[in-house]
Structures are given as structure tokens and as C-alpha cells.
Amino acid sequence: MTTILQINSAARSQGANSTLLANELTAKLQQSNPGAQVVVRNLQAEPLPHLDDTILGAFFTPAEQRTPEQSAIAARSEALINELQAADIVVIAAPLYNFGVSSQLKTYFDFIARAGITFKYGANGAEGLVTGKKVHVVSARGGKYVGTPGDSQTPYLKTFLGFLGMTDVNFIYAEGLNMGPEVANAALAGAREAIAAA
Ligand SMILES: Cc1cc2nc3c(=O)[nH]c(=O)nc-3n(C[C@H](O)[C@H](O)[C@H](O)COP(=O)(O)O)c2cc1C
């Protein structure tokens with residue numbers, strides 16, 4: 001059975017364009033994969049903490065030497081990794097905030113990037129261990145940047161996801177959402193065309 005993991009990372013709990021469009025994409029993917037199981041990871045409702053001494057200490061302490069508190073922190077990270085590894089299709093709802101991803105998505109990335117678990121270094125450099133997935137990124141943006149040096153989000157996401165082994169990434173953009181209703185409506189219509197084709 002196909003499993004679709006939808007990761008919502010907007011700071012807004014209601015009305016976030018990235019979440020709304022990702023919901024539509026997931027519904028479409030469910031249609032094209034009958035019986036697919038959907039898992040939603042809502043990073044706004046269940047926020048992850050920023051990395052700090054305690055969290056990094058837990059990650060870098062060998063499992064058998066961890067304190068109970070460190071074990072609980074590592075288990076939280078590993079539960080997220082297991083959830084990701086169980087998915088065949090990953091839908092990432094990614095708002096553009098201050099030219100990057102939301103801090104919600106960044107902390108999620110900090111929790112799933114684990115040496116020896118989701119990537120490893122060998123003689124040939126880094127090897128991603130999260131493979132065989134189709135990833136869709138739904139990026140909602142106030143302005144328009146695709147294909148310009150201002151689009152710092154797309155290369156970042158490609159690099160990070162690729163580092164972990166997720167190289168089959170489809171980007172769906174809704175750009176210009178803060179540029180007036182005409183531009184915003186055209187952006188949503190364009191994103192919906194891309195969703196229909198996904
Ligand atoms: C904190 C914050 C930062 C933003 N930074 C940018 C930005 O750097 N560039 C841009 O084009 N739009 C920016 N916007 C506009 C958002 O990209 C736009 O509102 C988009 O719809 C956000 O996705 P969401 O609706 O899923 O939250 C920002 C919005 C917020 C709330």
C-alpha cells in the first residue's frame with residue numbers, strides 16, 4: 001500500500017496557502033493511488049524545539065550511554081525518521097519566509113538529518129539513506145523569484161533533500177500571492193494546474 005506523508009510547515013494554523021494547496025495535492029495523489037494511506041505531520045501544531053546543547057548531546061551520545069532524557073530526545077527524532085522512511089510519497093508544504101523555509105521546517109530538518117541513520121559519510125563522500133521516494137514541494141510565496149538569484153529556497157531544498165537521498169523532487173509554486181488579487185488568483189490557478197498534472 002502506498003503511504004503519503006504530508007508535512008505542513010506554515011506558521012499560520014489557518015488559511016496558509018502552502019497547507020491549502022498541499023491538501024489539494026494530497027487529495028489528488030490519493031485519487032491516483034487508490035487505497036493510499038495519508039499521514040499528516042503538522043509542524044505548527046506540534047512544534048519541534050531548536051537544536052541546543054541538550055538535543056545535540058542526545059544525538060551524539062551512543063544509544064547505550066544515553067540518559068533517559070537523552071533517549072527520549074533521540075526517540076523523538078527517530079520516530080520522525082521512521083515516519084519519513086515509511087512514506088512512498090512526501091508532500092512538503094513550504095511557505096517562503098524571509099527567503100528561506102519556515103523555522104518549523106528547519107527544525108524538522110534538524111531532527112531528521114542524523115549521521116548514520118539518514119546519511120553517512122564514506123570513501124565517496126556523503127550518501128543519503130532516505131531513498132526511493134517521490135517528493136513534492138508546494139511553495140507559497142508573496143513575491144516572484146523562480147529562476148532568479150532571489151530564489152534561495154529552491155536550491156536549499158534540493159540540496160538538503162538530495163543530501164538525505166531524496167533526489168526525485170517536484171516543485172509546485174504559487175508565487176506572487178501578495179502582489180494583488182489578480183496576480184494571486186493567477187498564481188493559485190497555476191499551482192492547481194501543476195497539482196492536476198502531478
Ligand atoms: C514571516 C513571513 C516572512 C515572509 N517572507 C517572504 C519573503 O521573503 N519573500 C516573499 O516573497 N514572501 C514572503 N512572505 C510572504 C509569504 O511567502 C506568503 O504569505 C505565503 O503565502 C506564505 O505561505 P503560507 O500562506 O503557506 O503561510 C513572508 C510572509 C511571512 C508571514
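Each ligand, and each atom within it, is numbered from 1 in the order the structure gives.
Distance from atom 8 (O) of ligand 1 to its nearest protein heavy atom, with residue and atom name: Phe99 N, 3.0 Å. Regarding atom 30 (C) of ligand 1, its nearest protein heavy-atom neighbour is Tyr97 CD2, 3.6 Å. The protein heavy atom nearest to atom 11 (O) of ligand 1 is Gly143 N, 2.7 Å. Nearest non-hydrogen protein atom to atom 28 (C) of ligand 1 is Leu96 O, 3.5 Å. Closest to atom 21 (O) of ligand 1, if we only count protein heavy atoms, is Asn17 ND2, 3.1 Å. Scanning the protein heavy atoms around atom 26 (O) of ligand 1, the nearest turns out to be Ser18 OG, 2.5 Å. In terms of protein heavy atoms, atom 7 (C) of ligand 1 is closest to Asn98 N, 3.7 Å. Of the protein's non-hydrogen atoms, the one nearest atom 20 (C) of ligand 1 is Ala140 O, 3.6 Å.
Within the 3.5 Å criterion, the main-chain N or O of Tyr145 finds a donor-acceptor partner in the side chain of Thr148. Looking only at distances, no side-chain donor or acceptor of Ser9 sits under 3.5 Å from a matching main-chain atom of Ser102. Between the side chain of Glu24 and the backbone N or O of Ile195 there is no donor-acceptor pair closer than 3.5 Å.
With sequence neighbours excluded, the residues satisfying side-chain hydrogen bond (donor to acceptor under 3.5 Å, both in side chains) with Asp151 are Arg141, Thr154.
Of the N or O atoms in Tyr145, one or more lie within a sub-3.5 Å distance of an N or O in ligand 1. When only interatomic distances are considered, the shortest N/O to N/O separation between Ala16 and ligand 1 does not fall below 3.5 Å. Distances between N or O atoms of Gly15 and those of ligand 1 include no value under 3.5 Å.
If you number the atoms of ligand 1 from 1 as listed, the ones under 4.0 Å from a heavy atom of Pro95 come out as 22 (C), 23 (O), 24 (P), 26 (O), 27 (O). Atoms of ligand 1 lying under 4.0 Å from at least one heavy atom of Arg12, given by number and element, are 24 (P), 25 (O), 27 (O). Close approach of ligand 1 to Asn178 is summarised as follows: ligand atoms under 4.0 Å from at least one heavy atom of the residue are 15 (C), 19 (O). Which parts of ligand 1 touch Gly142 is read off a 4.0 Å heavy-atom cut-off, strictly below it: atoms 10 (C), 11 (O), 12 (N), 15 (C), 16 (C), 17 (O), 18 (C). Interface atoms of ligand 1 facing Leu177, defined by a heavy-atom separation under 4.0 Å, are 21 (O).
Atom CZ of Phe60 is separated from atom CD of Gln65 by 14.5 Å, given to the nearest 0.5 angstrom. From Leu20, atom CG reaches atom CG of Leu188 across 9.0 Å, with rounding to the nearest 0.5 Å.
In this structure, Tyr156 and Phe109 have tilted ring planes: the angle between them lies in the 30° to 60° band.
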> After noting the C-alpha distance and the side-chain angles of Gln6 and Asn23, does the key distance pass the side chain to side chain donor-acceptor pair (under 3.5 Å) rule?
Replying inline: CA-CA 8 Å; Gln6 181 179 328; Asn23 289 343; 2.8 Å; yes
Using a 3.5 Å cut-off and no angle test, enumerate the donor-acceptor pairs between side-chain atoms of residues 47-57 and protein atoms at least two apart in sequence or in another chain.
unit_1	atom_1	unit_2	atom_2	d
Asp52	OD1	Thr54	N	3.1
Asp52	OD1	Ile55	N	2.9

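With a 6.0 Å radius and a threshold of 12 heavy atoms from other residues, nucleotides or ligands, Lys158 has its NZ atom at or below the threshold.
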